[in-house]
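Read the structure below first, then the notes.
In this chain, numbering begins with 1 at the start of the sequence shown. Heavy atoms only: backbone and side chains are in, while hydrogens, waters and symmetry mates are out.
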Amino acid sequence: PPWANGRGRGDARYGQQAYTTGYNDGYDEGLKDGRDRRRYDPADSGRYRDADRGYRGSWGSREDYRFWYRDGFRGGYDRGYQDARRYSYN
(Lines give C-alpha, C1' and ligand atoms only; values in the text may rest on other atoms or scores of the structure.)
Protein backbone atom coordinates (compact mmCIF):
# COMPACT_ATOMS: atom_id res chain seq x y z
CA PRO A 1 0.00 0.00 0.00
CA PRO A 2 1.19 3.56 -0.69
CA TRP A 3 1.31 4.60 2.97
CA ALA A 4 3.82 1.83 3.74
CA ASN A 5 6.50 2.79 1.26
CA GLY A 6 9.15 3.72 3.78
CA ARG A 7 8.77 7.48 3.61
CA GLY A 8 8.58 7.59 7.40
CA ARG A 9 5.33 9.53 7.52
CA GLY A 10 3.74 8.66 10.86
CA ASP A 11 1.70 5.68 11.97
CA ALA A 12 0.58 3.50 9.05
CA ARG A 13 -2.98 3.16 10.42
CA TYR A 14 -3.51 6.90 10.31
CA GLY A 15 -1.73 7.25 7.00
CA GLN A 16 -4.12 4.69 5.57
CA GLN A 17 -7.13 6.56 6.98
CA ALA A 18 -5.87 9.86 5.58
CA TYR A 19 -5.12 8.31 2.19
CA THR A 20 -8.55 6.64 2.00
CA THR A 21 -10.41 9.79 3.04
CA GLY A 22 -8.41 11.84 0.54
CA TYR A 23 -8.94 9.28 -2.22
CA ASN A 24 -12.72 9.24 -1.73
CA ASP A 25 -12.92 13.03 -1.60
CA GLY A 26 -10.68 13.34 -4.64
CA TYR A 27 -12.71 10.82 -6.60
CA ASP A 28 -15.90 12.80 -5.98
CA GLU A 29 -14.22 16.08 -7.00
CA GLY A 30 -12.60 14.55 -10.08
CA LEU A 31 -15.88 12.98 -11.17
CA LYS A 32 -17.64 16.31 -10.78
CA ASP A 33 -14.95 18.25 -12.65
CA GLY A 34 -14.82 15.71 -15.47
CA ARG A 35 -18.59 15.59 -15.75
CA ASP A 36 -18.76 19.40 -15.85
CA ARG A 37 -15.93 19.48 -18.41
CA ARG A 38 -13.77 21.59 -16.15
CA ARG A 39 -10.00 21.61 -16.44
CA TYR A 40 -8.02 18.94 -14.63
CA ASP A 41 -6.87 20.59 -11.40
CA PRO A 42 -7.04 18.67 -8.13
CA ALA A 43 -5.32 21.50 -6.23
CA ASP A 44 -8.27 23.79 -7.03
CA SER A 45 -10.39 22.02 -4.43
CA GLY A 46 -10.72 23.52 -0.98
CA ARG A 47 -10.56 20.06 0.55
CA TYR A 48 -7.24 19.42 -1.19
CA ARG A 49 -5.83 22.72 0.06
CA ASP A 50 -7.02 22.15 3.65
CA ALA A 51 -6.24 18.40 3.58
CA ASP A 52 -7.42 17.76 7.11
CA ARG A 53 -10.94 16.39 6.76
CA GLY A 54 -11.27 13.49 9.16
CA TYR A 55 -8.09 14.35 11.10
CA ARG A 56 -8.01 13.53 14.82
CA GLY A 57 -5.45 15.20 17.06
CA SER A 58 -4.64 11.90 18.77
CA TRP A 59 -3.31 10.55 15.45
CA GLY A 60 -0.14 12.59 15.55
CA SER A 61 1.15 15.22 13.19
CA ARG A 62 -1.41 17.16 11.17
CA GLU A 63 1.26 17.68 8.49
CA ASP A 64 1.76 13.92 8.09
CA TYR A 65 -2.01 13.51 7.79
CA ARG A 66 -2.13 16.24 5.15
CA PHE A 67 0.67 14.57 3.22
CA TRP A 68 -1.24 11.27 2.97
CA TYR A 69 -4.62 12.93 2.43
CA ARG A 70 -3.26 14.88 -0.57
CA ASP A 71 -1.54 11.79 -1.93
CA GLY A 72 -4.85 9.92 -1.83
CA PHE A 73 -6.79 12.91 -3.13
CA ARG A 74 -4.62 13.15 -6.24
CA GLY A 75 -5.08 9.45 -6.97
CA GLY A 76 -8.84 9.58 -6.43
CA TYR A 77 -9.22 12.76 -8.44
CA ASP A 78 -7.36 11.25 -11.35
CA ARG A 79 -9.56 8.15 -11.32
CA GLY A 80 -12.79 10.14 -10.96
CA TYR A 81 -11.85 12.54 -13.73
CA GLN A 82 -10.97 9.67 -16.05
CA ASP A 83 -14.19 7.82 -15.19
CA ALA A 84 -16.29 10.88 -15.92
CA ARG A 85 -14.64 11.35 -19.30
CA ARG A 86 -14.64 7.64 -20.12
CA TYR A 87 -18.29 7.08 -19.29
CA SER A 88 -19.41 10.53 -20.51
CA TYR A 89 -21.49 11.45 -17.49
CA ASN A 90 -23.58 14.46 -18.45
| note | Shortest non-hydrogen pair, G54 vs R56, comes out as O-NH1, 3.2 Å
| task | For the pair R70 (side chain) and R49 (backbone), establish whether a donor and an acceptor sit closer than 3.5 Å, ignoring hydrogens and angles. | result |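 The answer is yes, because a donor-acceptor pair under 3.5 Å joins these two groups.
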| note | side chain to side chain contact (heavy atoms under 4.5 Å, CB included) filter on Y81, not counting sequence neighbours, yields D33, Y40, Y77, R85
| What do you reckon, is CZ of R79 surrounded by more than 12 foreign heavy atoms closer than 6.0 Å? |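 No - once you tally the heavy atoms of other residues, nucleotides and ligands closer than 6.0 Å, there are 12 at most.
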| To the nearest 0.5 Å, how far apart are CH2 in W68 and OG1 in T20? |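 Here the interatomic distance stands at 11.5 Å.
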| message | My understanding is that only residues two or more places apart in sequence, or in another chain, count here; which of them pass salt bridge (Lys or Arg N to Asp or Glu O under 4.0 Å) with D41? | response |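 Only R39 meet the salt bridge (Lys or Arg N to Asp or Glu O under 4.0 Å) criterion with D41.
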Contacts of [X] that satisfy side-chain hydrogen bond (donor to acceptor under 3.5 Å, both in side chains) - sequence neighbours left out:
| X | value |
| --- | --- |
| T21 | Q17 |
| Y55 | none |
| R53 | D25 |
| R62 | D52 |

| field | Test applied, ring-ring contact (aromatic ring centres under 6.0 Å, His included); reference residue, F73; option that passes from Y65, Y48, Y27, Y19 | value | Y48
